A.B. asks: 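My questions will all concern the structure given below.
Note that the structure is a prediction, hence the values are computed from the model and not measured. Read the numbers this way: they start at 1 and go in the same order the structure lists the ligands and their atoms.
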Amino acid sequence: MQLVIQNLSKTYSNGVQALKNVSLTINQGMYGLLGPNGAGKSSLMRTIATLQDADSGSITLGNLDVLRDKHEVRKILGYLPQEFGVYPKVTAETMLDHIADLKGIVDKKQRKEIVSTLLDRVNLAHVKSKNLGTFSGGMKQRFGVAQALIGNPKLIIVDEPTAGLDPAERNRFYNLLSEIGENTIVILSTHIVEDVTNLCNDMAIICLGEVIAQGNPNTLVDSMQGKIWSKSIEKSEMNVYRNSFQVISTQLKAGKTQIHVVSDVQPNESFKPVEAGLEDVYFSKISERMDVVTV
Ligand code: ADP
């Protein structure tokens, strides 16, 4: 099954054009949608999840017209929104059972089986009788994945899932998502480059409502090899460098500021060549469109 988005546009009533002619083809596996805050990722995710309409364009999932056959799409869709609220005084097991009921699984015994399998899968079986309010951020996210998986969805959308997770929780979450991506379309929307590096074999970068790059992350990185140069400077020199070179990122390292510059040739002898990474691709693409603020 394939998700095909063609020329999707959306302007909100306040005049903000959140999506401008977005076209993407998304296959089975983990797909990364990377972009800074305000890029339009959630607007796109909510439209694919049938929660809001577009002004123009089309989305098809297999034979389904996503913008029209909303009811049919919802049957095969799992959605983990950015703000996933939980009822704090309800146990994980009771809540999942309730959501399964809402999703149309009416047989009580079948529901019990599904809930038990899912709790195992997201590694929450041991806390199934604990109230959701006692869960850590990572546990809540894994609970969110469990509810998104009810009904064996063909398309799963996860919006900014690792924000606020500690490194161990993030790793556990990565493992869970990559398992799911083996036989489903999973769209991972994020502003964290590392999420995409670790998980996705296909991706797009979106900025100010437009798709500005897409493809395999390794191929995108290869296209930047030999063009990234690094130099350690004093913070006070920053403006001078910004004015003279295409600075794509800055990072504080041991009290000094390390800059990455993109250039086809060595800018001057004080710059060292560095191996390009996905961060360099990301920052160089978005710096062509907007001022990049990095740390
Ligand atoms: P992202 O998920 O990449 O942070 P969003 O899709 O949330 O981006 O937002 C894209 C742009 O649309 C932003 O400028 C945001 O302020 C604006 N926006 C998002 N939702 C609404 C809304 N319901 N009404 C008006 N503007 C919105």
A.B. asks: Could you tell me whether the side chain of N131 and the main chain of G133 form a donor-acceptor pair under 3.5 Å?
C.D. replies: no
A.B. asks: Is any side-chain heavy atom of V22 closer than 4.5 Å to a side-chain heavy atom of L19?
C.D. replies: yes
A.B. asks: Is it true that a side-chain atom of T117 and a backbone atom of E113 form a donor plus acceptor pair closer than 3.5 Å?
C.D. replies: yes
A.B. asks: Considering only heavy atoms, which protein residues lie less than 4.0 Å from any atom of ligand 1?
C.D. replies: Y12, N14, V16, A18, P36, N37, G38, A39, G40, K41, S42, S43, R46
A.B. asks: Salt-bridged, R142 to E169, with N to O below 4.0 Å?
C.D. replies: no
A.B. asks: If we only count heavy atoms from C-beta on, is the L188 to P161 side-chain gap below 4.5 Å?
C.D. replies: yes
A.B. asks: Measure across A146 and L118 and return the closest heavy-atom pair with its distance rounded to 0.1 Å.
C.D. replies: O-CD1, 3.4 Å
